[in-house]
Amino acid sequence: MNRGLHLSLMIGGVKADPVPRAVIEALTEVQVNSSATSQSGFQLKFTLGKRSVIGRDLLPSGYFNPQRRVIIVATVNGTPHVLMDGVITKQDVAPSAEPGGSTLTITGLDISVHMDFVDLTGVPYPAIPTPHRVLLILAKYAVFGVVPMVIPSPAALFENPLEKIPKQNGTDLAYVRSLAAATGYVFYIDPGPSPGTSIAYWGPEIRRGATQPALSVNMDAATNVESLSFSYDGLARTQFVATILLPTPPIPIPIPIPSLPVFKPTLAQQSATIMKTRNIPIPVSKFSAGEALQLGLAAVAGSSDAVTANGQLDVLRYGHVLKSRQLVAVRGAGDNFNGRYFVKSVTHTIKRGSYTQSFSLARGGIKSDISRVPT
């Protein structure tokens, strides 16, 4: 590996241990995908020789079998970054008559895949608010180093157990995700900060706080990205309307749901113009005003961003590992597109001597909402 980059790979059962030297020597490519809207995944590619340790001993013994734990750590300029804490879900072997042409490919998902193994439909949660239900579910996965971070909902509702007892529908993962979607929240498991631990985050998208070092484009020697392009979709912003039905007399009342920056900051000085109006896709006439508000906030939180960007960078030139689900600054792109963005997804690709990232960014409008972009 390059002197500014060191890769560590661990594989095991509940606890993962450093792989043998022969495994690292056979490793040709690592790819990790991290997204704000879905499970993270990974893929490892190895050369597979008939007389190699992998082909002769490890593969037949089940070392790379599904459900084995995998931890990937990239150390860049002396700083370790846990890229993945996951589980093998698939194994592919491609034999070849050419010397050194046979390959082993290991594919997997992040540690949240353990939450998707057992259907627990029907488990009751009497008089337990939604955030506490999430905490109870996540507590079962502490054995894998999962630490919950649950943010209470601003529109949390208490259900009278004499009237209704909430029951789980589906696996733990499906249920926790559905609770997040109904609240306008997201759920994901972020690996680290140390190998063997992960943060299970249930809350709003994190669009506040520290900003990662700036992505610089069109700045001569200061340029640190290989490519970066922007798109401004004028049809992305939508006005959502919820309709509630007053009981006496039964009169339908449409309520425009405000786009509240406190829940989803636009990160822009000038938001996109509203060009579409939509009823929220749930019959809120059956719900109370408080329930309608919660459903409306969920619809607003899930709406699309007007400005998106896609690009690619060389990590060793950038000097840092760009992380998804956080903020990053952009400079050199002109007045409309400079400023802060939310990192929607990042794909890490590591080969011997190189480490590149492709990424996607998003925000709610044009022009920077801050006067100075942090470098």
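Since we're looking at a predicted model, the values are computed, not measured. Residues take their numbers from the sequence shown, with the count starting at 1.
In this structure, the side chains of His6 and Ser8 come closer than 4.5 Å at one or more pairs of heavy atoms. In this structure the side chain of Tyr63 reaches within 4.5 angstrom of the side chain of Pro20, judged on heavy atoms. Under the 4.5 Å side-chain criterion, counting only non-hydrogen atoms from C-beta, Thr28 is in contact with Thr47. A 4.5 Å side-chain heavy-atom check between Val113 and Ile111 finds every atom pair outside the cut-off. Asn310 is not listed as a side-chain neighbour of Phe359, based on a closest heavy-atom distance of 4.5 Å or more. Looking at Ile24 and Leu9, their side chains come closer than 4.5 Å, going by heavy atoms from C-beta outward. Residues Trp202 and Ile151 form no side-chain contact, since every pair of their non-hydrogen atoms from C-beta on lies 4.5 Å or further apart. No side-chain heavy atom of Ser368 sits under 4.5 Å from any side-chain heavy atom of Gln269.
Residues Met10 and Leu58 are members of separate hydrophobic clusters, defined by side-chain heavy-atom contacts under 4.5 angstrom among Ile, Leu, Val, Met, Phe, Trp and Tyr. By the criterion of side-chain heavy atoms lying less than 4.5 angstrom apart, applied directly or through intervening Ile, Leu, Val, Met, Phe, Trp or Tyr residues, Val82 is not grouped with Val343; the two fall into different hydrophobic clusters. Side-chain heavy atoms closer than 4.5 Å link hydrophobic residues (I, L, V, M, F, W, Y) into clusters, and following such links, possibly through other members, connects Leu316 to Val32. Cluster annotation: Val70 and Phe46 are assigned to the same hydrophobic cluster (Ile/Leu/Val/Met/Phe/Trp/Tyr, side-chain heavy-atom contacts under 4.5 Å, transitive). When the side chains of ILVMFWY residues are joined at heavy-atom separations under 4.5 Å, either directly or via intervening members, Phe230 and Val346 end up in a single hydrophobic cluster.
Under the rule for a side-chain contact (heavy atoms from CB on, under 4.5 Å), the partners of Asp116 that lie at least two apart in sequence or sit in another chain are Thr171, Leu173. With sequence neighbours excluded, the residues satisfying salt bridge (Lys or Arg N to Asp or Glu O under 4.0 Å) with Lys344 are Glu205. Residues passing the side-chain contact (heavy atoms from CB on, under 4.5 Å) test with Thr349 are Glu29, Gln31, Thr347, Lys351, Thr356, sequence neighbours excluded. Under the ring pair (Phe, Tyr, Trp, His ring centres under 6.0 Å) criterion, Tyr318 pairs with His320, sequence neighbours left out. Residues that satisfy the side-chain contact (heavy atoms from CB on, under 4.5 Å) test with Asp119, not counting sequence neighbours, are Thr121.
Residue pairs satisfying the salt bridge (Lys or Arg N to Asp or Glu O under 4.0 Å) criterion with at least one member in residues 332-342, sequence neighbours excluded, are listed as follows: Arg340-Asp369. Identified under the salt bridge (Lys or Arg N to Asp or Glu O under 4.0 Å) test for residues 6-28, with sequence neighbours left out: Lys15-Asp17, Arg21-Glu25. Among pairs with a residue in residues 170-197, those fulfilling salt bridge (Lys or Arg N to Asp or Glu O under 4.0 Å) read Lys140-Asp172, Asp190-Arg325, at least two apart in sequence or across chains. Applying the ring-ring contact (aromatic ring centres under 6.0 Å, His included) test to pairs two or more places apart or on separate chains, those with a residue in residues 75-118 are His114-Phe117, His114-Phe144. Judged as a ring-ring contact (aromatic ring centres under 6.0 Å, His included), not a single pair has a partner in residues 12-32 (not counting sequence neighbours).
A donor-acceptor pair is defined here as one N or O able to donate and one able to accept, closer than 3.5 Å; no such pair exists between the side chain of Arg331 and the backbone of Gly339. Checking side-chain atoms of Asn338 against main-chain N and O of Ala333 turns up a donor-acceptor pair under 3.5 Å. Remark: the backbone N or O of Thr273 is not paired with any side-chain donor or acceptor of Arg237 at under 3.5 angstrom. A donor-acceptor contact shorter than 3.5 Å is absent between the side chain of Ser38 and the backbone of Ser35. Looking at Thr183, its side chain never comes within 3.5 Å of a backbone N or O of Tyr185 through a donor-acceptor pair. Checked by atom type and distance alone, the side chain of Asp305 never pairs as donor or acceptor with a backbone atom of Val307 at under 3.5 Å. Not one N or O on the side chain of Asn169 forms a donor-acceptor pair closer than 3.5 Å with the backbone of Leu120. Using modelled atom types, one side-chain atom of Gln212 and one backbone atom of Lys323 make a donor-acceptor pair closer than 3.5 Å. Side chain of Tyr141 to backbone of Ile137: no donor-acceptor contact under 3.5 angstrom is found.
Few gaps surround CG on Asp314; more than 12 heavy atoms of other groups in view lie less than 6.0 Å from it. Counting heavy atoms of neighbouring residues, nucleotides and ligands inside a 6.0 Å radius, atom CE of Met149 does not exceed 12 of them.
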Q | side chain to side chain contact (heavy atoms under 4.5 Å, CB included) evaluation trace for Leu361 with Val328 | A | CA-CA 9 Å; Leu361 317 175; Val328 71; 3.9 Å; yes

Q: For Ser360 and Ser345, run side-chain hydrogen bond (donor to acceptor under 3.5 Å, both in side chains): C-alpha distance rounded to whole Å, both residues' side-chain angles, the deciding distance at 0.1 Å, then the answer.
A: CA-CA 5 Å; Ser360 64; Ser345 67; 2.7 Å; yes

**Q.** side chain to side chain contact (heavy atoms under 4.5 Å, CB included) assessment of Leu215 paired with Leu313
**A.** CA-CA 9 Å; Leu215 302 173; Leu313 60 81; 3.7 Å; yes

Q) Which is it for Val23 and Leu27 under the side chain to side chain contact (heavy atoms under 4.5 Å, CB included) test, yes or no, and what are the steps along the way? A) CA-CA 6 Å; Val23 174; Leu27 183 63; 5.8 Å; no

Q: Assess whether side chain to side chain contact (heavy atoms under 4.5 Å, CB included) is satisfied between Leu7 and Thr75, documenting all intermediate values.
A: CA-CA 6 Å; Leu7 182 70; Thr75 301; over 6 Å; no

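Using a 3.5 Å distance cut-off with no hydrogens or angles, the side chains of Gln312 and Ser358 do not pair a donor with an acceptor. Using modelled atom types, one finds no donor on one side chain facing an acceptor on the other under 3.5 Å when comparing Ser216 with Thr223.
Counting all heavy atoms, side chain and backbone alike, Pro129 lies closest to Ala127 at CD-O, 3.7 Å. Between Ser198 and Ile189 the shortest heavy-atom distance is CB-CG2, 3.5 Å. In this structure, Met84 and Ser40 approach most closely via the heavy-atom pair CE-CB, 3.7 Å. Shortest non-hydrogen contact noted between Leu228 and Val225 is CB-CG2, 4.3 Å. The nearest pair of heavy atoms linking Ala214 to Asn224 is O-ND2, 3.1 Å.
Considering CD1 of Ile71 and CD1 of Ile11, their distance stands at 10.5 Å, rounded to 0.5 Å. Between Ser34 atom OG and Leu322 atom CG the span is 9.5 Å, to the nearest 0.5 Å. Between Arg56 atom CZ and Leu48 atom CG the span is 12.0 Å, to the nearest 0.5 Å. Distance check: Gln326 CD to Arg208 CZ gives 16.0 Å after rounding to the nearest 0.5 Å.
Side-chain contacts under 4.5 Å among hydrophobic residues (ILVMFWY), followed directly or transitively, place Leu267 together with Leu327, Phe342.
Between Tyr175 and Tyr125, the angle of the ring planes stays under 30°, which puts this pair in the parallel group of the 30/60° scheme.
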Name every donor-acceptor pair, under 3.5 Å, that has one atom in a side chain of residues 87-95 and the other anywhere in the protein, sequence neighbours excluded.
residue : atom : partner : partner atom : Å
Thr89   : OG1  : Thr107  : O            : 3.3
Gln91   : NE2  : Phe64   : O            : 3.1

